[in-house]
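First comes the structure, then the notes that go with it.
We name chains A, B, ... by the order of the sequence lines, and we start the count at 1 in each one. These figures come from a predicted structure and were not determined experimentally.
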2 protein chains.
Amino acid sequence: MIQITIIGSGNVAQHLIKAFTANKIIEIKQVFSRKKEALLHLIDSEKIITNFNELQPADLYIISVSDNAIREVSEQIPFNNQFVVHTSGTSSIEFLDPKNRRGVFYPLQTFSKNKNIDFSIVPFCLEAENTADFKILETVAKSVSTAVYSISSEQRKALHVAAVFVSNFTNHLYQMGHEICEENQLPFAILKPLIQETADKINTLDPIDAQTGPAIRHDSNTINAHLAFLQNENKKNIYKILTQSIQHNGKKL
Amino acid sequence: MIQITIIGSGNVAQHLIKAFTANKIIEIKQVFSRKKEALLHLIDSEKIITNFNELQPADLYIISVSDNAIREVSEQIPFNNQFVVHTSGTSSIEFLDPKNRRGVFYPLQTFSKNKNIDFSIVPFCLEAENTADFKILETVAKSVSTAVYSISSEQRKALHVAAVFVSNFTNHLYQMGHEICEENQLPFAILKPLIQETADKINTLDPIDAQTGPAIRHDSNTINAHLAFLQNENKKNIYKILTQSIQHNGKKL
């Protein structure tokens with residue numbers, strides 16, 4: 001059994017607790033949370049600690065806190081030469097206090113409180129300072145997922161930027177579609193098959209080959225009609241900029 | 001049997017031909033294509049016509065051509081008082097020549113040449129000038145899909161704008177993610193589960209409640225690191241504008 005202690009109680013920490021609880025090769029040793037109540041629905045009360053001095057030995061400490069707290073939390077661990085990783089897409093491995101052996105255990109997925117995740121397809125991006133520690137991370141990651149990658153801090157930064165484009169920004173475009181539907185008494189459900197198909201398509205086509213719509217067709221009549229329809233300045237601006245970007249960077253089919 | 005003649009040979013026309021060919025209540029009477037070769041892989045040669053004078057009687061004529069050709073094509077039909085519809089998301093029903101009974105048969109989906117479509121979930125947005133004609137469209141649509149809606153020309157215009165946001169623009173964000181991966185020797189496959197989950201999430205959460213990432217967290221350290229990472233001015237600009245839009249129009253979780 002690999003004994004793991006999780007430090008943090010946010011979305012990622014909670015999803016990891018769920019994934020590890022059902023896992024045969026992992027034992028959750030302890031979980032650190034500033035507020036004990038935050039995790040009582042997930043794990044036995046006696047495993048939840050609220051003070052770093054209560055930390056016991058474990059094979060792996062996973063710090064899953066907001067980026068700007070990683071450094072401070074890693075400094076508060078009252079041990080040396082233990083294996084300590086964070087789960088951040090943005091932070092370098094260097095953010096961790098060098099008094100311990102360092103690594104990164106980054107699950108590349110969007111985690112929401114109210115939606116379960118199928119961890120078996122979540123890509124895990126791993127980094128460690130030595131091969132033995134990398135092996136530990138690899139064993140843990142492979143016990144929950146089939147998609148495990150070795151990714152450097154530099155690559156991880158690029159990946160996180162790419163993830164913001166394809167996930168956070170995409171979801172905001174969904175929000176805009178939702179608003180346009182509501183304003184025009186249309187059910188948002190009518191757009192869902194289109195959203196699904198757009199996401200599915202890139203499994204068989206590169207995005208540049210999957211591009212459709214008035215922008216890539218340089219259909220200026222439709223584009224002008226859409227701009228005239230959009231009263232909201234922010235939506236109009238985003239429509240213009242993304243249309244230009246498609247026309248300058250896309251491939252005419 | 002409902003006899004249908006399709007005018008056009010583009011993506012939508014070809015997908016409709018495929019859907020109708022496998023259909024028990026529909027007979028494809030004829031298909032008009034400027035070039036006969038374009039459709040020989042889909043339908044018998046003798047059903048393909050290249051001259052409007054060869055058009056025979058049918059219950060329904062579906063014009064599936066580019067928006068700016070709809071009016072001219074509808075004028076070239078050498079009949080009066082027949083039922084003629086177009087398949088456009090943008091064009092008003094008024095674009096059709098009023099010498100015939102008019103309607104709209106708009107399948108709200110993104111059609112690519114090299115990818116099959118599951119028509120059973122494609123929303124069909126229908127409009128007609130009288131109830132009897134609407135019933136014909138409804139029968140045809142329900143024979144291929146379970147998602148059939150009555151949508152006015154005004155609503156359809158709004159829907160098409162919303163579709164551009166959630167599909168065309170979203171795909172362009174996928175392209176940007178793809179480019180960032182390529183530039184950093186990362187497999188694009190690593191982003192696919194995230195893209196899928198982002199699209200799945202809105203089946204259980206409204207997009208505004210599903211928003212995650214540095215913008216909605218107002219995590220300026222990460223945002224600044226991402227902007228510093230992005231060398232491409234276009235990507236940097238889109239990153240800024242969408243981040244601002246999320247912060248002004250989103251809901252802090």
Side-chain angles (χ1 to χ4, degrees), chain A residues 67-68 90 108-110 112 115 121-123 149 155 157-159 161-178 180-181 184 186 190-191 193-199 201-202 204-208 210-213 215 221-222 225-226 229 234 238 241-242 245-246, chain B residues 67-68 90 108-110 112 115 121-123 149 155 157-159 161-178 180-181 184 186 190-191 193-199 201-202 204-208 210-213 215 221-222 225-226 229 234 238 241-242 245-246:
Chain A
D67 287 289
N68 49 21
T90 339
L108 178 56
Q109 190 50 283
T110 169
S112 296
K115 188 169 184 311
I121 58 159
V122 171
Y149 298 87
Q155 283 181 309
K157 191 190 277 184
L159 202 53
V161 177
V164 168
F165 276 90
V166 304
S167 177
N168 305 152
F169 291 167
T170 286
N171 184 73
H172 189 57
L173 295 180
Y174 297 163
Q175 186 191 327
M176 300 199 145
H178 190 275
I180 294 169
C181 282
N184 293 277
L186 290 158
I190 203 169
L191 289 177
L194 177 66
I195 286 171
Q196 195 58 55
E197 174 65 15
T198 305
K201 243 201 231 186
I202 52 143
T204 46
L205 295 171
D206 276 350
I208 200 164
Q211 189 66 51
T212 57
N221 287 340
T222 299
H226 286 181
F229 172 86
N234 182 46
I238 289 171
I241 283 160
L242 289 174
S245 182
I246 290 170
Chain B
D67 287 288
N68 49 21
T90 338
L108 177 57
Q109 190 47 282
T110 169
S112 297
K115 188 169 184 310
I121 56 159
V122 171
Y149 298 86
Q155 284 181 309
K157 191 190 277 185
L159 203 51
V161 177
V164 168
F165 276 90
V166 303
S167 177
N168 305 152
F169 291 166
T170 287
N171 184 73
H172 188 56
L173 295 180
Y174 297 163
Q175 185 190 326
M176 300 198 145
H178 190 274
I180 294 168
C181 282
N184 293 278
L186 291 158
I190 203 170
L191 289 177
L194 176 66
I195 287 171
Q196 195 58 56
E197 173 66 15
T198 305
K201 242 200 228 186
I202 52 143
T204 46
L205 295 172
D206 276 351
I208 200 164
Q211 189 66 51
T212 57
N221 287 340
T222 299
H226 286 180
F229 172 85
N234 182 47
I238 288 171
I241 283 160
L242 289 174
S245 182
I246 290 170

**OP:** Enter the distance from B/Thr198:OG1 to A/Gln109:CD here, rounded to the nearest 0.5 Å.
**Re:** 6.5 Å
Original post:
Mind checking whether A/Leu242 and B/Phe165 have side chains closer than 4.5 Å, heavy atoms only?
Top reply: no
**OP:** May I ask you to name which of A/Thr170, A/Ile180, A/Ile190, A/Asn68 has the most heavy-atom pairs under 4.5 Å with chain B?
**Re:** A/Ile190
Original post:
In terms of heavy-atom pairs under 4.5 Å with chain B, which of A/Ala215, A/Pro193, A/Gly213 leads?
Top reply: A/Pro193
Original post:
Considering only heavy atoms, which portion of B/Thr204 lies under 4.5 Å from any heavy atom of chain A: side chain, backbone, both, or neither?
Top reply: side chain
Original post:
Rounded to the nearest 0.5 Å, what separation is found between the CD atom of B/Gln155 and the CG atom of A/Asn184?
Top reply: 7.0 Å
**OP:** Find the distance between CG (B/Leu108) and CG (A/Leu194) and round it off to the nearest 0.5 Å.
**Re:** 5.0 Å
**OP:** Of all the heavy-atom pairs spanning B/Val166 and A/Gly177, show the shortest one and how long it is.
**Re:** CG1-CA, 3.9 Å
Original post:
Roughly how far apart are B/Ser167 OG and A/Gln196 CD, rounded to 0.5 Å?
Top reply: 12.0 Å
Subject >> Which portion of B/Thr110 sits near chain A, non-hydrogen atoms under 4.5 angstrom >> reply: both
Original post:
So, do B/Leu186 and A/Tyr149 sit near enough that their side-chain heavy atoms are less than 4.5 Å apart?
Top reply: no
Original post:
Picking from A/Asp67, A/Leu205, A/Ile238, which has the most non-hydrogen pairs under 4.5 angstrom with chain B?
Top reply: A/Ile238
Original post:
Picking from A/Ile241, A/Val161, A/Thr222, A/Asn234, which has the most non-hydrogen pairs under 4.5 angstrom with chain B?
Top reply: A/Val161
**OP:** Please look at B/Leu159 and chain A and tell me whether the side chain, the backbone, both or neither of the residue comes under 4.5 angstrom of a heavy atom of that chain.
**Re:** both
Original post:
Under the side-chain contact (heavy atoms from CB on, under 4.5 Å) test, which residues partner B/Lys157, sequence neighbours left out?
Top reply: A/Phe229, B/Glu154
Subject >> side-chain hydrogen bond (donor to acceptor under 3.5 Å, both in side chains) against A/Asn221, all qualifying residues, sequence neighbours excluded >> reply: none
Original post:
Would a 4.5 Å heavy-atom cut-off, applied to side chains only, mark B/Asn171 and A/Lys201 as touching?
Top reply: no
Original post:
Taking side chain as C-beta onward, heavy atoms only, is A/His226 less than 4.5 Å from B/Val164?
Top reply: yes
Original post:
If you tally heavy-atom pairs under 4.5 Å against chain B, which of A/Ile202, A/Val122, A/Asp206 wins?
Top reply: A/Ile202
